[in-house]
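Reviewing the structure listed below.
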Amino acid sequence: MAQVSLKNVSKAFSGNVWAIQNINLGIENKEFVVLVGPSGCGKSTTLRIIAGLEDATEGDVYIGDRHVNDVPPKDRNIAMVFQNYALYPHMTVYENMAFGLRLRKYPKAEIDARVKEAAAVLGIEQLLQRKPRALSGGQRQRVAVGRAIVRKPLVFLFDEPLSNLDAKMRVQMRTEIKKLHIRLQTTMIYVTHDQTEAMTMGDRIVVMKDGHIQQIADPITLYDKPVNRFVAGFIGSPPMNFVNGEVIKKEGRLYFNEGKFQAKIIDAMAKIMEPYIGKEVVFGIRPEDIYDKLFVSEAPPENTIKATCEVIEPMGSEAYLYLRSGKSSLVAKVGGHDKPTINQDMDLVLDMSKIHFFDKDADNTIV
């Protein structure tokens, strides 16, 4: 079985700089887990500790039931795919894929069978006699993945493998890697800074910041129920809108008061928000939960605000509107043919059943 477990793992570099602190993470057999976060958050360090390329300063690493802290990388039965492909330029594709097996003294017939099987899975049979310089970026990445496949490891580790590809090829390759996971049924751990890659590929996503895990969940849970403002803002494109204001009580009902506009808090959230009456909070709403009143059949006036459209980004089937309302900037996602004109004043409807509130000081989610 290829479970991976990190227990209280920390890593310090020279000068007492902690790259990660107290990481606890359990990855199930055959699971596809994505580590995501901004540059410097510790995701690649975590991956390198699993691979054995870095030693943990504190804590324990297990692959299956085996404690591997003192096991060298070559004996951990893992395979790693890097951002820069790391192919030998003087070798053919076949030789690159076979190299690791030859080092391990596999029989020639088995090496040949494994290389050809992996090439068929990846659709690169016709490239086996070429050298890396004759390949496109996407083809080189397939070869790098093929070199990992031939070893039939317990765990695949991917360290930002698509970062050097153009946008179209990234979309294609992330689909291919996901298909590969389904076909091979092997544990995969994937590092990226791209939240779109994380959302589309991972069975579960580990969101990291400043060396700490912020939240571990499936993509939909992360999107709908972020535990704090960082996760809410990092997951989703365009990101969630955040507006500062306070909770007020008026005529027996609770409202969020931005200063220039107000929005009524729904009854299901009112009890949770009662302790925050008179206090500053952060209001969060995703761009797709803001509607142009012209396209809403029933728009509650208490959830309708006025805004001015400052910038429009046409995206084809949809458009992003950058708006100014009161003291706040907002982004709305609307249909590609529903967009207004620049500097047009609009009435916007907020879907208050989809909003979040965050503690202004702690940044944790209130509701």
Side-chain angles (χ1 to χ4, degrees), residues 214-215 222-313 319-334 338-367:
Q214 302 294 304
Q215 187 172 359
L222 277 183
Y223 194 79
D224 290 340
K225 298 177 181 178
V227 298
N228 57 35
R229 182 174 171 179
F230 174 78
V231 175
F234 192 82
I235 299 296
S237 181
M240 183 181 286
N241 296 289
F242 296 113
V243 179
N244 292 324
E246 67 173 336
V247 178
I248 63 171
K249 192 167 188 176
K250 185 171 65 174
E251 298 175 355
R253 306 300 297 270
L254 296 191
Y255 289 80
F256 171 74
N257 179 29
E258 186 261 2
K260 297 292 185 178
F261 70 79
Q262 296 179 5
K264 187 174 76 173
I265 299 172
I266 63 173
D267 293 342
M269 297 181 183
K271 188 172 182 180
I272 299 171
M273 297 306 298
E274 283 272 358
Y276 290 86
I277 294 173
K279 296 181 180 178
E280 288 192 44
V281 295
V282 178
F283 171 98
I285 187 166
R286 294 202 179 276
E288 62 268 28
D289 298 323
I290 302 174
Y291 312 110
D292 187 336
K293 187 178 179 182
L294 293 174
F295 302 99
V296 179
S297 56
E298 296 182 9
E302 62 269 26
N303 293 343
T304 303
I305 65 173
K306 294 191 176 296
T308 302
C309 181
E310 297 182 326
V311 176
I312 300 172
E313 289 185 351
Y320 303 153
L321 311 182
Y322 291 81
L323 307 149
R324 168 66 59 180
S325 181
K327 299 175 290 183
S328 304
S329 297
L330 298 170
V331 182
K333 185 189 292 187
V334 300
D338 300 338
K339 57 185 182 291
T341 56
I342 298 295
N343 294 324
Q344 178 179 330
D345 292 329
M346 307 172 61
D347 288 324
L348 299 176
V349 180
L350 309 180
D351 186 344
M352 294 298 288
S353 67
K354 301 285 184 66
I355 60 97
H356 299 269
F357 285 107
F358 304 93
D359 187 293
K360 191 172 186 297
D361 298 319
D363 273 350
N364 294 331
T365 301
I366 302 169
V367 64

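Please read these numbers as outputs of a predicted model, since none were measured by experiment. FYI, the numbering just counts along the sequence from 1. Just the heavy atoms: all of them, side chains too, but no hydrogens, waters or symmetry mates, feed the values below.
- For the ring-ring contact (aromatic ring centres under 6.0 Å, His included) test, no residue two or more places apart in sequence or in another chain qualifies with Tyr276.
- Remark: Arg324 CZ to Cys309 SG distance equals 12.5 Å, nearest 0.5 Å.
- Note that the CD atom of Gln214 and the CZ atom of Phe234 stand 11.0 Å from one another [nearest 0.5 Å].
- Residues Met240 and His356 are in side-chain contact: their nearest non-hydrogen atoms beyond the backbone lie under 4.5 Å apart.
- Between the side chain of Thr304 and the backbone N or O of Pro300 there is at least one donor-acceptor pair closer than 3.5 Å.
- Nearest approach of Ala263 to Leu350, heavy atoms of both residues: CB-CD1, 4.1 Å.
- The side-chain hydrogen bond (donor to acceptor under 3.5 Å, both in side chains) pairs that include a residue from residues 235-252 are Lys250-Gln262, where partners are two or more places apart or lie in different chains.
- Summarising the geometry, atom CG belonging to Leu330 is positioned 10.5 Å from atom CG belonging to Leu321; distances are rounded to the nearest 0.5 Å.
- Pro340 approaches Ile312 most closely through the heavy-atom pair O-CD1, 3.0 Å.
- With sequence neighbours excluded, no residue forms a side chain to side chain donor-acceptor pair (under 3.5 Å) with Glu280.
- Taking CE of Met346 as the reference point, atom CD of Gln344 lies at 6.0 Å (rounded to 0.5 Å).
- To the nearest 0.5 Å, atom CG of residue Leu294 and atom CG of residue Asp347 are 7.5 Å apart.
- Within the structure, salt bridge (Lys or Arg N to Asp or Glu O under 4.0 Å) contacts touching residues 253-269 (residues at least two apart or in different chains) are Arg253-Asp267, Lys264-Glu302.
- Within 6.0 Å of the NZ atom in Lys306, the count of heavy atoms belonging to other residues, nucleotides or ligands does not exceed 12.
- Taking both residues in full, the closest heavy atoms of Ser353 and Ile266 are given as CA-CD1, 3.8 Å, listed atom of the first, atom of the second, then distance.
- Between Ile265 and Met269, the shortest heavy-atom contact is CG2-CB, 3.7 Å.
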N/O donor-acceptor pairs under 3.5 Å from side chains in residues 281-289, not counting sequence neighbours:
{"unit_1": "Arg286", "atom_1": "NE", "unit_2": "Tyr223", "atom_2": "O", "d": "3.4"}
{"unit_1": "Arg286", "atom_1": "NH1", "unit_2": "Ile235", "atom_2": "O", "d": "2.9"}
{"unit_1": "Arg286", "atom_1": "NH2", "unit_2": "Tyr223", "atom_2": "O", "d": "3.1"}
{"unit_1": "Arg286", "atom_1": "NH2", "unit_2": "Ile235", "atom_2": "O", "d": "3.3"}
{"unit_1": "Glu288", "atom_1": "OE1", "unit_2": "Tyr223", "atom_2": "OH", "d": "3.4"}
{"unit_1": "Glu288", "atom_1": "OE2", "unit_2": "Tyr223", "atom_2": "OH", "d": "2.1"}

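- Within the 3.5 Å criterion, the main-chain N or O of Ala232 finds no donor-acceptor partner in the side chain of Arg229.
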Which side-chain N or O atoms in residues 360-367 pair as donor and acceptor under 3.5 Å with protein atoms at least two apart or in another chain?
{"unit_1": "Thr365", "atom_1": "OG1", "unit_2": "Pro226", "atom_2": "O", "d": "2.7"}
{"unit_1": "Thr365", "atom_1": "OG1", "unit_2": "Val227", "atom_2": "O", "d": "3.0"}
{"unit_1": "Thr365", "atom_1": "OG1", "unit_2": "Asn228", "atom_2": "N", "d": "3.2"}

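- Results of the side chain to side chain contact (heavy atoms under 4.5 Å, CB included) test with Leu323 over Thr308, Ile305, Leu348 single out Leu348 as the only residue that passes.
- Interatomic distance, CD1 of Ile277 versus OH of Tyr255, reported as 13.0 Å (0.5 Å rounding).
- Nearest heavy atom pair, residue Phe256 against residue Val243, reads CZ-O, 3.6 Å.
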